[in-house]
Each structure stands twice: as C-alpha cells, then as structure tokens.
> 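Supplied in structure tokens, the structure appears directly below.
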2 protein chains.
Amino acid sequence: MGKGEETRQAILDEALALSSQVGICGLSVGALADKAGMSKSGLFAHFGSKEEMQIAVIRESQQRFVDTVVRPALKEPRGIARLRAFLANWMDWTRRARLPGGCPLNAAANEFDDQPGPVRDAVAAGLADGRRMLANSVRMAVEAGELRPDTDIDQFVFEFTGIVLVAMQNMRLFREKDASRRALDAFERLVRDYATERGNSKKE
Amino acid sequence: MGKGEETRQAILDEALALSSQVGICGLSVGALADKAGMSKSGLFAHFGSKEEMQIAVIRESQQRFVDTVVRPALKEPRGIARLRAFLANWMDWTRRARLPGGCPLNAAANEFDDQPGPVRDAVAAGLADGRRMLANSVRMAVEAGELRPDTDIDQFVFEFTGIVLVAMQNMRLFREKDASRRALDAFERLVRDYATERGNSKKE
DNA sequence: GGCTTTATAGCACGAACGTTCGTTTTTGGT
DNA sequence: ACCAAAAACGAACGTTCGTGCTATAAAGCC
C-alpha cells in the first residue's frame, strides 16, 4: 500500500469521527482538513469532489459497521442467538468503533432521504446491505427451526430495525441509559411471538 | 394580528416545507428568503439569529404535528382505537400537512443529537412532548381495561416509537409503499401482546 | 391625513464554503 | 544517489454563509 492509500485511510478515520457528531452534510472540507492536520487542497485531491468524499465516508462507515457488528456476531451459532448478538453489538457499535457520536450512516439516511442523487443512493445501498444480511440471519433462524416456518421475514426485519432505531434515538438524543435494555426486552418479546416451542425454550 | 406576525407565519410555512427536504441545518437564511420572496435582512429581522430561526422552525413543526396527528386522533375513543388512529395519522402526516419531504422534527433529531445547545434542547423538548402525550394515551388504554394492568407503559411507548421510526425510514429512504401496512401489522402484534381478553376482542 | 411605530430593502462586512492551479516536497524504484 | 511520479501545499477564485447597519416604505393609531 502506497503512501496515498495510507493517508486516505487516515482521512477517512477522522471523517468518520467528525461525521458521527455533525453528520455527513455538516462535514466540510476545511474542518476535516484541520482535524486531519493537512491542507484543504491536499485533502481534497484524494477525492476530487465533496460528493465523492461524502460517498467515501458512507462506504467507510458501512465497512466499519460490518467489522464491528456483523462479523463478531457471526461467531454465534445460527438462529436466535446470533440475532440477539447482532442486536447487542449494534447497540453500542459506535462506542466500540471509537466514534465520538452516533452512527454516521443513520445520520446520513435522515439527511438525504429526500434529496435524490448519488449520495442518497450510497446511503440506501449501505442500509439495504445491512437489511439483506439481517434477513439472511432471520431466515437461518427459521431454517434452524427456532422461528416458525410461516414467519414473515421482511416483517421481522422491519420490527427488528424499529427496535434499533428507537434505541439509538433514546440513547443519543435523550441520553437514556436503559435504552439498550429496553431494546433487548423488545427483542425477546418479538422473538417470543415468532418462535416455535423449541426456539422459545432456548431462551433461559 | 399585525403584519409582522402574518409574514412571520408565512416564513415559517415556507421554512417547514424547505426543512422537510433539506433538514434543519441545510436550511439557510438566503435560500429561505428566496423561497419566501423577500430579502435576507428583512427575513432575518424576524428572528435575530439563525439559531432562533431554527428553534422557531422546530416549534412550528411540533405545533403542526399536534394539529395534524394528535388532535384528530383525540376524536377516537380512549384506548387501543385511539392509539391505532394515532399511528395511522402519524404514518402520512407530512403529506397531510402538505410538506414535500419528511418530518422536520425527526430530521432535526438526527442532526443535533450529538451537538449540545439550545437547538438540540428544543428538539428534545418537542419529541419528549410527543412521547408524554403518547404515554398518556397508553395509560388510558390500561385504565380502560384494554391493556393489561401490569403493562410497562414506557416500554410500550418505546416499541411504538420504534415502529414509527422504521416505517418513516422505509417510506422516505427506500420509498416502500407497504411501510405503513407493515407498521399497522406490527402495531397489532404489539397490542396483542399487551392486551387483555377484552382489549383483544375489540379488534375485528 | 399626519405621525409614530413597525417592517422591509439595500448594502457591506468578514468568514467559510467548494474548487482550481502552479509549486514544492516527499516517496519509491533503479 | 538520482530521477520520475506521486502527494501535499499555499494562494486565490467566485459564492454563499450569518450578521450588522442605515434608509425607505408600509401599517396602525389619533
């Protein structure tokens, strides 16, 4: 890896941290250059445009999410246990990823959801990827016989995601400490509704 | 009402529409003045600072939400029916309020959740107000005997809010049309879990 | 209708924005 | 050690940002 890739990565690290606090559109070239300890033009050359930079940050954010949340959860056995691990990791992934604020991808999703263009597309692609992965894990839980065979997988993913979103909001905006506990409780209730006897008995 | 209040209201109407597309921090004095058909300084005089303007927009947004979502739902009888109406109204409130984009309050919540200050406080206050109102309606459903007496009201509000948030995301970012149907389905499942026999039989 | 109060416009300011360009420094292969 | 290539810099561009002033126009009261 050349020097170029190296500093580009350093820039993205800094960009991730900054955007987790001020969002993607609040992230400016000048401010980022300051944080990264280099000149505006030097930093700019790595991306070619602000839009490209934003997209790079989004991709990096997604990548980091996979490394921090998804990959570790895959060590759990398929089924409900893995889903639970997934949720637990999700709950404090920005802390684990050493980000000072919230999830940049989530912030970007709310900023660009009504502004068509490549940035919005990148955000949607990133989130869709996460959901696809989530849907796969749910399907495995069905195949493992822990969730009922007639489980509406997309509906399960829908409700799971809802739990994550509200937990994020409670944590970040309201600074409530019991947010992740509530999320876990909601998850257990969700699972109980969709579980087979076998799947249900697995828990405690 | 003097002329001042009148144009101030017109400005806020325009500001709400604009911020529903570009968010609160994407809303600039110049752009808003253009939309409102007046000069930057003339508009600026109504608020005194950009921050005050942002807060005014947030307050207005909350006000509009109450008029569009909460008030109509209060015509339904107390209990689960009212909660259901509340959700249904919520699902397309920005359309009913003739806003071109998503919920400005929700956008602001994600933009400012990690930036302490008066704007964040205003957003949190607005959202907290909505949750208080929601909690009240849940409590009424308990008192009406439709939800179990041991219902954890805050947990119910938590899960309810999650349904709303994910539905918003699915609608706005992914443009899925079945988002509100999924939300309603999730709501019925939520209610079924917390309902008494009487409350359960109420539905269909 | 005149007069006071209020509202709006016009203009200017310094700062920050994204972007371009030419120059200088650093790097990596030979 | 040298030299081409890559990377970073500094300065400047035109725009837009938020925010002050001062003057003009409109509105409301007697």
> Are any non-hydrogen side-chain atoms of B/Asp67 and B/Gln63 less than 4.5 angstrom apart?
yes
> Would you say that B/Val157 contacts B/Thr161 through its side chain, given a criterion of any heavy-atom pair below 4.5 Å between the two side chains?
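The answer is yes; the side chains approach within 4.5 Å.
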> Is the backbone N or O of A/Val119 less than 3.5 Å from a side-chain atom of A/Glu51, with the two atoms forming a donor-acceptor pair by type?
no
> Using whole Å, report how far CG of A/Leu43 lies from P of C/dC17.
12 Å
> State which of D/dT19, D/dG10, C/dT19 makes the closest approach to the side chain of B/Ser49.
D/dT19
> Go through C/dC17, C/dA9, D/dT19 for me and flag the one nearest to the B/Ser41 side chain.
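Nearest to the side-chain atoms of B/Ser41, counting from C-beta on, is C/dA9.
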> Atom CD of A/Glu52 and atom P of C/dT20: how far apart are they, to the nearest Å?
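So the CD-P distance, A/Glu52 to C/dT20, works out to 12 Å.
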> Flag the pair A/Glu159 and B/Arg189 as a salt bridge only when some basic side-chain nitrogen lies within less than 4.0 angstrom of an acidic carboxylate oxygen.
yes
> Can you tell me how far C1' of C/dT20 sits from CZ of A/Phe47, to the nearest Å?
18 Å
> Here's a test for you: under side-chain contact (heavy atoms from CB on, under 4.5 Å), which of A/Arg175, A/Arg172, A/Met171 qualifies with B/Asp113?
A/Arg172
> Picking from D/dG18, C/dT8, D/dA8, which would you name as closest to the side chain of B/Lys50?
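When the side chain of B/Lys50 is considered, D/dG18 is the closest of D/dG18, C/dT8, D/dA8.
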> In whole angstrom, what separates B/Ile11's CD1 from C/dT8's C1'?
10 Å
> Looking only at side-chain atoms of B/His46, point me to the closest of C/dT8, C/dC17, D/dA8.
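It is C/dT8.
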> Take the protein atom CZ of B/Arg8 and the nucleotide atom P of C/dT6, then report the distance between them rounded to whole Å.
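Going from B/Arg8 (CZ) to C/dT6 (P), I get 16 Å.
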> Can you check the A/Asp34 CG to D/dG10 C1' distance for me, whole Å?
14 Å
> Kindly say whether, by distance alone, the side chain of A/Lys40 makes a donor-acceptor pair under 3.5 Å with the base of D/dG10?
no
> Expressed in angstrom and rounded to an integer, what is the separation of B/Phe44 atom CZ from C/dT6 atom P?
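Answer to the nearest Å: 20 Å.
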> Using whole Å, what does the distance between atom P of nucleotide C/dA16 and atom CG of A/Leu32 come to?
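Answer to the nearest Å: 16 Å.
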> May I ask you to evaluate whether B/Ser28 reaches the phosphate of D/dT16, defined as a side-chain N or O under 4.0 Å from OP1 or OP2?
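No, no such contact exists.
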